[in-house]
Amino acid sequence: MVCLQLSNRQSGYISPVIDLAKYALIGTLVVDVKEKGWVMIVEQIGASTIATVTETGQFARFIWRSAKSSVSSVFRGKTWPLVFTQMLIIGVKSVPVIMVTGAFVGMTLAFQAYDQLAGMGLGEHIGILINLSVVSELGPVLSAVMLSGRVGGALTAELGTMHVTEQIDAISSMGTDPVRYLVAPRILACLLLTPVLIVYADLMGSFGGYAISVWFFKINSQAYWQFTAYGVTLWDVMVGLTKGFFFGAAIAAISCYKGFNCKQGAQGVGQACTEAFVVSFIAILALDFAAAIISKSLYSIFYPIRSLI
Amino acid sequence: MAEIDKDSGIIVTKDLTKVFNGKAVLEKLSIAIEKGKTTVIIGPSGCGKTVFIKHLIALLRPTAGEIFFKGQRIDNLHERDLGKIRMQMGFLFQGGALFDSATVYENILFPVRQHTNISDRRQLDEIVKSKLAVVGLDGYQSYYPANLSGGQKKRVALARAIALNPEVVFYDEPTTGLDPVRSDVINELILKLKKELGITSIAVTHDMTSAYKISDRIVMLHKGKILADGDAEYIKNHPNDTVRQFILGQVSEADVAALRVSGTKFASQFNPKDFEE
Ligand SMILES: Nc1ncnc2c1ncn2[C@@H]1O[C@H](COP(=O)(O)OP(=O)(O)OP(=O)(O)O)[C@@H](O)[C@H]1O
Ligand SMILES: [Mg+2]
């Protein structure tokens, strides 16, 4: 009741949509309380808290094991063929779809930005806007999202099926550590290839933007590149590519974890794939946000010596 | 029974207990498995036979209790340190667990490639050929598991389990899904491995003919405990009703009663209308 009054008092300046959401939330809670009683609710909250904490701990342990195996795999000749196979599956076959993503991003940006910039008489500055957006944000993030669907989904489904059909147990039973054999090569391949794929996305984005700006809106080509060169620094490109390493590692680690821990049955595998995608997606956005903060503070540290890099 | 300690056999469990979701599948199971002998584990479906042998190779970890291999405690070992121990073991999974993205050839070579540095093509071919010949599948090297029958998969999985000539082999229902002749070939194989290489075998089976033929000792699990333990003769003449009914494949009075209680005749459950669209 207190909540209801509260929201009534505030409804003057809170949008009706939020109000509606609140009522819905309170409504379900009230129904829940009526049906199960407070003790049950508290129990439920406690149980799901414990489950979340346990899962987080498990995930952290998995990450730690995978990181150790990945690092030691780098120095083991035997793992390299596995890494190359994964690179072929993960990387090479993603190139077309990544290039298409990049091209559309560039073209759309150019199309939407032109009118506004031209209205202010800044039409020729469009190169900065397109290339900066593509190189530092849209290229890396959209490529990563694309990869978490294309690669993450396949990884989870493959490892999930292997888990369900006891193939992962079979690897253990033959004295091989499945994390080293299955996870490390996938993480390494993803980690090494995501930045490369981002380069493709960047190039295509740049080209798409150029095509629309210069061929369609008839902007002077030289001006386009001049402003781009002025506005986009090597630093921006490097930040974008560095993010790729983290995105790649996160996608592979999350997808492998979900595959290794998927529930039995076809539904279990499907659920694991969905979860892997959602968690990867959120991880990408969170990492991107963290990268924005870190790169900004690094930039201000390195600003005085930026002419050297 | 004499007190079991960690050196009583090649594999020893002490008070092994496993609880799944609050339900005890294994309860304080203590057993010592003798080196060079074949131990057969029988018991009703779902009584925990698979769970039990998975503990012996540390694929599952006990809720309580200890497991020893050659006097060394293994149930608390780190995955990394288990590698050396598992190399001495072969495990035939109930469902085969072949790698479905690899050919029969690559499946059998998996442990070989992982643990040896043999890279001579001719030598590797020879290993695969000999292992496949043992299970009667030479010539199937280039097949994918999806193109094999259930029984063939089982046999390839067996070939893979013995690829490194392990000291201990676990068989989870080696003859299920095979025709009688092929089953007997597997029986002969287990006997041969014991005689020639002194391999210790632990087999789970429902096939009593096979159990009598291969076993030096038969252990019956029931409700998480050992209900009967002895050689084939002893088990055949076991006084306990549950054991006798199990080995003779008879339905117990309780099961018949359950069928009767569920009551309604099957014929009366549906009428033609139910199937009209
Ligand atoms: N991972 C698991 N999680 C929860 N319960 C499990 C798990 N594995 C096995 N169980 C339970 O343990 C019990 C024993 O299973 P197990 O597979 O060992 O049976 P089994 O004796 O091998 O039967 P079968 O002869 O049919 O193969 C079953 O009741 C099963 O539900
Ligand atoms: Mg079983």
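Remember, it's a predicted structure, so these values are computed and weren't measured experimentally. Naming convention: chains lettered A, B, ... in sequence-line order (proteins, then strands); numbering from 1 in each chain.
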Please check if the number of heavy atoms outside [X] that lie under 6.0 Å from its [atom1] is greater than 12.
{"X": "A:F104", "atom1": "CZ", "answer": "no"}
{"X": "A:K68", "atom1": "NZ", "answer": "yes"}
{"X": "B:K129", "atom1": "NZ", "answer": "no"}
{"X": "A:Y200", "atom1": "OH", "answer": "no"}
{"X": "B:R73", "atom1": "CZ", "answer": "yes"}
{"X": "B:E34", "atom1": "CD", "answer": "no"}
{"X": "A:F62", "atom1": "CZ", "answer": "yes"}
{"X": "B:Y143", "atom1": "OH", "answer": "no"}

Check each atom of [X] against the heavy atoms of chain A and say whether the ones under 4.5 Å are side chain, backbone, both or neither.
{"X": "B:R80", "value": "side chain"}
{"X": "B:N117", "value": "neither"}
{"X": "B:L164", "value": "neither"}
{"X": "B:F170", "value": "neither"}

For this session: Give the member of B:K84, B:R160, B:Q114 that has the highest number of heavy-atom pairs under 4.5 Å with chain A.
Result: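 Heavy-atom pair counts peak at B:Q114.
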[X] versus [Y], closest heavy-atom pair with distance:
{"X": "B:E79", "Y": "A:S172", "result": "OE2-OG, 3.6 Å"}
{"X": "B:A97", "Y": "A:Q167", "result": "O-CG, 4.0 Å"}
{"X": "A:K78", "Y": "B:H115", "result": "NZ-N, 4.3 Å"}

For this session: Sort out for me which of A:D169, A:V179, A:I168, A:T161 touches chain B most, counting heavy-atom pairs under 4.5 Å.
Result: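 Result: the option with the highest number of such pairs is A:D169.
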Problem set entry | Any residue of residues 41-68 of chain B which, by heavy atoms, sits under 4.5 Å from chain A |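 If one takes a 4.5 Å heavy-atom cut-off, the residues of residues 41-68 of chain B near chain A are B:K54, B:I57, B:L59.
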Exercise. Which residues in residues 85-93 of chain B have any heavy atom lying under 4.5 Å from a heavy atom of chain A?
Worked result: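 Interface residues of residues 85-93 of chain B: B:R86, B:M89, B:F91, B:F93.
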Problem set entry | Distance, nearest 0.5 Å, that separates OG1 of A:T176 from CZ of B:R113 | 12.5 Å
